[in-house]
Amino acid sequence: MARGYDNYIDYLNNTIKIPNEQPYLAIDLFAGCGGLSLGFEAAGIKTIGYEMVEDCCHSYQRNLHSECHQEKITTETEFPLVDIIIGGPPCQPFSRRGKQTGKDDERNGFPAFIEAVRRIQPKIWVCENVKGLPEQNKEYFDSIMEQFRSLGYEVEYQVFQIVNYDVPQNRERLVIVGHRGGFKFPSPRDYKITAGEALGPLAYEVPENAAFLTPAMDEYIAKYEAASKCKNPRDLHLDRPARTLTCRNLAGATSDMHRIRLPDGRRRRITVREAARLQSFPDWFEFCGTEESQYTQIGNAVPPLFAYALAQQVIEYLKGAK
């Protein structure tokens, strides 16, 4: 059962907001613009971010009103002692679209994340990454799991269909959690939010800075769809959840970009605000930097509503922890 546009937007903006009382404290490693932190803060967990990209830090600080240290995270980085560590080590080394250099890639953030857990010994930690890591890089993934377990944690992982957690987007992500026993992953919802419910009237508007696909792009798309016998064109379908948002199909002006087909046949690129809604960012969240930077931040982010579901389970665990 769907919530409906008005109810969904009210739910999003009223749920993902920062409460006055936040009794728990977490550090967020490789925080990006703060999607993961935002969900945790909405649940009552204060965060401190660590992120090397300047625009991301500015977005984090503007919206979360929390510290975000702009620095490259290494195994030598010093952190405060906290009960919770969260984060998303860079996934480019393990992405299907990348070269998959994995553990040998200098962008691999797992060594730093593991070292932070070793030094701090939090009560619980949550790590988010690409879904294919366990299969495509099994040997290294097994090594990561063994390193975490050697630190005294029960370690569990699960691949989530994010669309089952109030996010109007078909997106799959891996979540690894380390705890001392008793943590439970969030249960999926029994409904899915459509792109139309998330965007509402925005989907039918033509903003002043609208970017339309060129005739050459339209021609390429037509040829591609004919050759591949495409039954479902990759335009945004308002009666179903959106396809996965990525940096490539948001920030890059390509024929694969996320676009809306207007009644007159023209296709326009979705706006930053529309992309943010499809990632479940509330309307009050402001992204810093150029338009391309904002699209990149959104494409890289953990959807806040999914993060909120995870954070609620973390709090339940902490309440019952000895």
Side-chain angles (χ1 to χ4, degrees), residues 16-18 25-42 45-80 82 84-95 97-98 105-113 115-116 126-130 173 209 211 245-254 257-258 269-304 307:
I16 304 300
K17 61 182 181 180
I18 301 173
L25 179 64
I27 56 171
D28 184 355
L29 310 185
F30 313 99
C33 66
L36 185 59
S37 280
L38 181 59
F40 271 69
E41 293 229 349
I45 300 172
K46 183 70 174 176
T47 65
I48 301 172
Y50 291 82
E51 167 59 45
M52 64 182 292
V53 178
E54 183 177 14
D55 285 347
C56 290
C57 288
H58 289 167
S59 294
Y60 190 111
Q61 292 165 338
R62 172 176 292 183
N63 294 281
L64 278 71
H65 306 296
S66 296
E67 298 176 58
C68 187
H69 300 270
Q70 186 187 348
E71 58 183 287
K72 182 176 180 179
I73 302 169
T74 71
T75 54
E76 304 299 319
T77 305
E78 296 290 335
F79 303 107
V82 293
I84 309 163
I85 297 178
I86 61 176
C91 63
Q92 294 96 329
F94 309 101
S95 172
R97 287 190 177 275
D105 194 305
E106 65 177 8
R107 297 169 298 174
N108 176 19
F110 275 103
F113 194 99
E115 180 62 16
V126 179
C127 177
E128 182 265 0
N129 214 274
V130 293
R173 297 299 287 184
N209 62 340
L245 275 68
T246 69
C247 295
R248 183 176 180 275
N249 63 31
L250 285 178
T254 68
M257 76 170 75
H258 267 276
R269 181 185 191 179
I270 64 172
T271 65
V272 165
R273 181 49 51 198
E274 288 167 335
R277 279 198 188 173
L278 295 176
Q279 278 280 56
S280 77
F281 278 92
D283 287 346
W284 55 262
F285 196 99
E286 298 179 33
F287 298 91
C288 300
T290 64
E291 183 177 69
E292 181 178 355
S293 173
Q294 292 178 43
Y295 278 122
T296 298
Q297 291 173 55
I298 294 168
N300 279 334
V302 176

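Since the structure is predicted, the reported quantities are computational estimates derived from the model, not experimental observations.
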Report task. Check side chain to side chain donor-acceptor pair (under 3.5 Å) between Asn63 and all other residues, then give those that pass, not counting sequence neighbours. Result -> none
Requested in this report: Could you tell me the separation between the OH atom of Tyr50 and the CD atom of Glu78, rounded to the nearest 0.5 Å?
Outcome: 9.5 Å
Query raised in the report: When rounded to the nearest 0.5 angstrom, what is the spacing between CD in Glu54 and OG in Ser293?
Result: 9.5 Å
Requested in this report: State the CD-OG1 distance between Glu274 and Thr271, to the nearest 0.5 angstrom.
Outcome: 3.5 Å
Query raised in the report: Which heavy-atom pair separates Leu245 from Gln279 by the least distance, and what is that distance?
Result: CD2-CG, 4.0 Å
Requested in this report: For Arg269 and Ala251, indicate whether the former's side chain and the latter's backbone hold a donor-acceptor pair under 3.5 Å.
Outcome: yes
**Report entry** Heavy-atom side-chain contact between Phe79 and Ile85 under 4.5 Å
**Finding:** no
Report summary line: Residues passing the side chain to side chain donor-acceptor pair (under 3.5 Å) test with Ser59, sequence neighbours excluded, are Gln297
Requested in this report: Applying side chain to side chain donor-acceptor pair (under 3.5 Å), run through Glu41 and Ser66 and close with a yes or a no.
Outcome: CA-CA 10 Å; Glu41 293 229 349; Ser66 296; 2.9 Å; yes
Query - Check against side-chain contact (heavy atoms from CB on, under 4.5 Å), Ile45 and Ile84 - result: CA-CA 9 Å; Ile45 300 172; Ile84 309 163; 3.8 Å; yes
Query raised in the report: Does Glu128 reach the main-chain N or O of Gly87 with its side chain, forming a donor-acceptor pair under 3.5 Å?
Result: no
Query raised in the report: Taking side chain as C-beta onward, heavy atoms only, is Asn129 less than 4.5 Å from Pro89?
Result: yes
Query raised in the report: Who pairs with Glu67 by side chain to side chain donor-acceptor pair (under 3.5 Å), at least two apart in sequence or on another chain?
Result: His69
Report task. Would you check, one step at a time, whether the test side-chain contact (heavy atoms from CB on, under 4.5 Å) holds for Glu51 with Ile73? Result -> CA-CA 7 Å; Glu51 167 59 45; Ile73 302 169; over 6 Å; no
Query raised in the report: Which value, rounded to the nearest 0.5 Å, describes the distance between His258 atom NE2 and Leu278 atom CG?
Result: 7.5 Å
Query raised in the report: What residues, two or more places apart in sequence or in another chain, satisfy side chain to side chain donor-acceptor pair (under 3.5 Å) together with Gln70?
Result: none
Query raised in the report: Can you name the closest pair of heavy atoms from Arg62 and Glu286 and give their distance?
Result: NH1-OE1, 3.3 Å
**Report entry** Heavy-atom neighbours of Glu71 CD exceed 12 at 6.0 Å
**Finding:** yes
Query - For Phe285, ring-ring contact (aromatic ring centres under 6.0 Å, His included) partners two or more places apart - result: Phe281, Phe287
Report summary line: Nearest heavy-atom contact between Ile16 and Ala42 is CA-CB, 4.0 Å
Query raised in the report: Would Arg273 and Asp283 satisfy side-chain contact (heavy atoms from CB on, under 4.5 Å), going step by step from the backbone distance to the final call?
Result: CA-CA 7 Å; Arg273 181 49 51 198; Asp283 287 346; 3.6 Å; yes
Requested in this report: Kindly compute the distance separating CD (Gln294) from CG (Leu250), expressed to the nearest 0.5 Å.
Outcome: 12.0 Å
Query raised in the report: Between atom CG of Asn300 and atom OH of Tyr295, what is the distance when rounded to the nearest 0.5 Å?
Result: 15.0 Å
Report task. Taking the side chain as every heavy atom from C-beta outward, state whether Val272 and Ile298 have any atom pair closer than 4.5 Å. Result -> yes
With a 3.5 Å cut-off and sequence neighbours excluded, list the donor-acceptor pairs that the side chains of residues 30-38 form with protein atoms.
from, atom 1, to, atom 2, distance (Å)
Ser37, OG, Asp28, OD2, 2.6
Ser37, OG, Thr47, OG1, 3.4
Ser37, OG, Tyr60, OH, 2.9

Query - Side chains of Ile48 and Pro80 in contact at under 4.5 Å (non-hydrogen atoms) - result: yes
